[in-house]
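Ligands are counted one by one from 1 in listed order, and the atoms in each one are counted from 1 as well. Note that the structure is predicted; figures quoted are calculated from it, not measured. Residue numbers run from 1 in the order of the sequence given.
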Amino acid sequence: MQMRPMKLGGDVLLFGENSLDYLKTMEGKKAFIVLSGDAIEKNGYLAKIVSLLEEAGMETMSYDKVEPDPTFDTVMEGTKLMLDFTPDWILGVGGGSAMDAAKAMWIFYEHPELKSMEDIIPPNVVPKLRKKARMLCIPTSSGTGSEVSRSIVISDSKTHIKYGVGDMEMMPDIVLLEPGITASMPKGFTAATGMDALTHAIEAYTSLRANEISDILAEKSIIEICKYLPLAYNEGDNLEYREKMLLYSCVSGMAFTNVSLGLVHGISHAVGGKFGVPHGLANAITLPYLIEFNMQDDVAKRKYEKLAEILGVPSLLGKIKELNKIMDIPETLQEVIKNDDEFEASLKELSILAKNDGCTKTNPIIPEIEQVEELYRKVYYGR
Ligand SMILES: [Fe+2]
């Protein structure tokens with residue numbers, strides 16, 4: 001199979017303490033900062049970012065209304081402010097939601113003639129960007145990889161259906177990985193976002209599009225995340241642990257944005273949209289069941305065995321279950337959703353959505369709809 005073109009990031013990627021200092025060297029007039037909530041304001045980092053940008057001679061404006069699953073209405077609200085403010089830099093500062101919303105606002109700011117998500121999903125395409133502004137991302141959690149990804153997920157404001165859009169045009173130009181900014185993440189959030197990063201690396205590793213370069217990135221990410229996630233979970237203010245998590249969630253992002261993911265993400269996207277289960281948590285719960293399922297494929301099985309060997313554990317499945325247990329992640333979706341009737345009533349719809357999800361196309365086994373339904377039951381009931 002011929003390899004697809006890869007892109008590992010934008011122009012500049014910096015990691016480590018004081019990476020934010022890069023901001024004062026930037027050239028530009030106005031920066032629009034997209035945030036999800038006031039956490040970055042409260043921990044003092046917003047003031048720091050603003051003052052560094054001012055040192056660079058830039059005027060700033062911030063928008064902090066992005067919700068955990070950003071909606072199209074929010075994207076349009078931010079776009080409207082951008083059209084008045086006319087920034088030449090857009091900053092996505094936050095987890096995946098803030099960065100995804102910033103990227104989406106960027107598209108509609110550059111092209112105000114576009115009016116809906118349908119205008120940028122197939123058969124339409126994401127138009128050329130960077131005529132008005134460039135994009136800089138500062139992730140504040142270690143999980144999504146959105147800072148080096150070509151993708152966004154935006155929900156319809158009414159139906160809550162999630163639109164995934166991917167195009168290399170959306171790759172952020174500059175990424176600053178400042179470990180201190182992630183230090184105030186609460187335990188549960190560290191666990192869920194960290195398991196999202198681990199799922200990215202594992203699904204990229206067994207993706208039907210995996211190649212040698214993505215394997216190098218994914219394999220190293222899996223090793224380091226398995227080591228540092230429980231440490232960062234237990235000792236959140238240790239900057240060495242935070243830095244490793246921030247770095248390897250970014251590296252796993254580089255892997256998956258190029259070779260895509262698998263059915264864990266297919267299943268969790270649908271269940272997240274329907275029941276509001278946080279993305280990382282849904283992935284963490286789903287991952288063990290899918291490793292078991294994918295073991296039926298010889299290539300995936302060999303890759304899982306290789307990982308277990310490198311990690312020095314009897315099985316990858318056991319290692320994932322152990323991580324979930326250490327971090328108090330439930331074993332089933334039932335413990336989170338707690339509504340069997342509604343789950344049963346939604347099962348057909350969820351299965352169709354997961355089967356048709358873009359990520360499912362690169363799962364080691366392309367499942368029949370009945371298999372997806374059976375997997376949903378396992379992930380929900382644990383049997
Ligand atoms: Fe994810």
Side-chain angles (χ1 to χ4, degrees), residues 36 66-70 92 94-101 103-104 137 139-155 162-166 170-172 182 185 188-207 209-210 214 217-218 221-222 225-226 229 245-291 294 320 323-324 327 329 333 336 353-354 357-363 379:
S36 48
V66 179
E67 56 276 69
D69 285 312
S97 59
M99 292 189 276
D100 282 14
K103 289 184 195 170
C137 282
T140 64
S141 66
S142 301
T144 68
S146 186
E147 68 276 14
V148 285
S149 94
R150 64 176 107 181
S151 330
I152 53 172
V153 180
I154 302 296
S155 301
K162 292 188 174 190
Y163 289 95
V165 188
M170 283 187 276
M171 178 72 81
T182 67
M185 249 196 300
F189 204 63
T190 301
T193 53
M195 287 306 289
D196 186 26
L198 184 57
T199 307
H200 292 156
I202 292 175
E203 293 213 284
Y205 198 59
T206 53
S207 158
R209 282 187 209 146
S214 64
L217 300 170
S221 300
I222 294 163
I225 294 171
C226 282
L229 177 55
M245 281 308 298
L246 189 57
L247 177 59
Y248 284 100
S249 88
C250 178
V251 176
S252 66
M254 289 172 181
F256 93 74
T257 203
N258 284 291
V259 300
S260 195
L261 294 161
L263 186 52
V264 179
H265 271 77
I267 283 181
S268 77
H269 283 156
V271 90
K274 187 81 191 171
F275 292 99
V277 184
H279 178 67
L281 182 63
N283 280 339
I285 296 170
T286 308
L287 183 59
Y289 300 94
L290 259 292
I291 290 179
N294 287 337
I320 303 302
L323 284 173
N324 277 349
M327 297 188 295
I329 289 170
L333 281 176
V336 182
L353 284 171
D357 191 282
C359 297
T360 304
K361 280 188 239 156
T362 44
N363 195 66
V379 181

Polar side-chain atom of His200 near backbone of Ser249 as donor-acceptor pair, under 3.5 Å: no

Donor-acceptor contact present, side-chain Asn258 to main-chain Met254, <3.5 Å: yes

Please name the atom of [X], limited to N, O or S, that comes nearest to the Fe ion (ligand 1).
| X | value |
| --- | --- |
| Asp196 | OD1 |
| His265 | NE2 |
| His200 | NE2 |
| His279 | NE2 |

Note, Thr144 side chain near Pro139 side chain (heavy atom, < 4.5 Å):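 Sidechains of Pro139 and Thr144: no contact.
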
Parallel, tilted or perpendicular: rings of His265 and His279 (30°, 60°):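 Judged by the thresholds at 30° and 60°, the geometry between His279 and His265 is tilted.
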
